[in-house]
Amino acid sequence: MPTNTPRIGTSCVRPDFHDQFAVSTNSIAKILGASDEINDLTVQGWVRTRRDSKDFSFLEINDGSCLASLQIVVTRECQGWNHVKDITCGASVTVTGKLLESPAAGQAWELHAMQLDIIGVADADYPLQKKRHTLEFLREIGHLRSRTNLLGSVFRLRSRLSFAVHDFFQSRGFHYVHTPIVTTSDCEGAGELFRLTTPGIDSEEEFFGRPAFLTVSGQLEAETLACSMSKVYTFGPTFRADPSNTSRHVSEFWMIEPEMAFCDLVQDMDVAEEFIKAMVTFVLEDREEDLAFFNKFVDKELLARLQAVQDVEFKRISFTDAVGILEKSGRKFEHPVGLTIALQSEHERFLTEEYFKCPVTVFDYPKEIKPFYMRLNEDGRTVAAMDVLVPGIGEIVGGSQREERYDQLLKNMERCGLAHEGHEWYSDLRRYGTVPHAGFGLGFERLIMYLTGVSNIRDVIPFPRTPGHASF
């Protein structure tokens, strides 16, 4: 480690730093949108680059509030000039100066420094000194990768999109509810649950009196609240002990799950499609700078694809018709196609990207490939289920009308090998004022992948948990 670089407490650090930091509101995003010059302005951020001449230096600093950085012009008249050469890529600084119009192309403003303070130096081995890094490399330095343009843009969009999710449901009369993370129910029946154990306690002396797991979905609990509050939604973390180590799977992810009483499958599809369109419209209007970056460096068709969604009606077809289209396509798929076989990503993307060239909602799936809680249709072989498929991703929403008939629910549970014992609370909803109700689940990370063009789910969640990897 260099011995001549200043540390906090040296003369180049302002003694009132902590007080100033606590009240600082001058984000670079706000500054770059200024309408007039500002004589006395203080900004804080991390240095991206430094360029030197004999009598002045240029610093590019970024505070994570936006994609763009702010150029700082440092001259010999600046208090702190003697320490400029100690500032390297990654260092944090506080700068006070005059915000003036910039003569350089591509930037409206630059800050002419009057005082420059180093808050924290960056050692010589700071790993983000190059402008471009592979995503694989960035996953190895997860504690720093949010400082890059790509990951910073993704996480800003993720933050704003979280707000948009709540706004969508709140503005439509939904109640936000918190369902348990610890559960004794396997909603999907897939057996991919993380089991909770307590050291020193025998298996027959379970902490909760019976085996408990991390939830894969808040749906079943949300149904109970929908049957008293009419319209509810959950938005929180879920977990799946899936050994798949692919670009589409993580072990901890976030789910958006609305549940609606007095609702059938058609209404459920209406809400799901409206939600997707609303999220697309939101990011196009709110994240223009970040989307332009994604369109240039990640997916050059992204903006065209998202803009098209605003103007197109989602195609709706039955599962039977979807299988017929796939079988007649002449395409040799890696996975088989059939009336009792679940669609795979390659099938879903063919339907959306090549056949219909728009989002597609597939409904009425065979009962053999769907969970027990879905309502059996009158034909006795399909259930009132639906999936919304989008170009570039495939399935992004999965939902159904729930089985509201008590006797039929018990038959469904028996068919799926699910014991009624322990689920009496769920079936009781069908005995005490039952109503038609429906809902869906949407993986938040898959939605972000769709809206950014980023192809690996590990790169749209700050701290991905995957098999063999949970380092934070």
Determine whether the aromatic ring centres of residues [Y] and [X] are separated by less than 6.0 angstrom.
X      : Y      : result
Phe239 : Phe213 : no
Phe169 : His175 : no
Phe235 : Phe444 : yes
His437 : Phe262 : no

Any donor-acceptor N/O pair, [X] side chain to [Y] backbone, under 3.5 Å:
X      : Y      : result
Asn377 : Asp379 : no
Glu289 : Leu67  : yes
Ser244 : Thr246 : no
Glu445 : Trp254 : yes

Rounded to the nearest 0.5 Å, what separation is found between the [atom1] atom of [X] and the [atom2] atom of [Y]?
X      : Y      : atom1 : atom2 : result
Leu451 : Ile396 : CG    : CD1   : 6.5 Å
Asn62  : Asn149 : CG    : CG    : 7.0 Å
Thr49  : Leu59  : OG1   : CG    : 7.5 Å

Might you work through the side chain to side chain contact (heavy atoms under 4.5 Å, CB included) test for Leu306 and Tyr450, ending with a clear yes or no? CA-CA 9 Å; Leu306 294 181; Tyr450 175 55; 4.2 Å; yes
Taking the inter-plane angle between the rings of Tyr176 and His178 on a 0 to 90° scale, is it parallel (under 30°), tilted (30 to 60°) or perpendicular (over 60°)? perpendicular
Assign the ring pair His347 / Phe333 to parallel, tilted or perpendicular, where the plane angle (0 to 90°) is split at 30° and 60°. perpendicular
Residues Glu368, Arg415; criterion side chain to side chain contact (heavy atoms under 4.5 Å, CB included); working and verdict: CA-CA 9 Å; Glu368 291 84 1; Arg415 172 173 57 83; 5.7 Å; no
Give the intermediate values and the outcome of side chain to side chain contact (heavy atoms under 4.5 Å, CB included) for residues Glu403 and Leu376. CA-CA 7 Å; Glu403 182 58 77; Leu376 186 69; 4.0 Å; yes
Report the C-alpha distance between Asp268 and Gln401 in whole Å, list the side-chain angles of each, state the deciding distance to 0.1 Å, and finish with yes or no for side chain to side chain contact (heavy atoms under 4.5 Å, CB included). CA-CA 7 Å; Asp268 196 32; Gln401 184 173 339; over 6 Å; no
Which heavy-atom pair separates Arg145 from Pro464 by the least distance, and what is that distance? NH2-CD, 3.4 Å
Apply side-chain hydrogen bond (donor to acceptor under 3.5 Å, both in side chains) to Gln310 and Thr281, showing your working. CA-CA 7 Å; Gln310 292 183 300; Thr281 298; 3.1 Å; yes
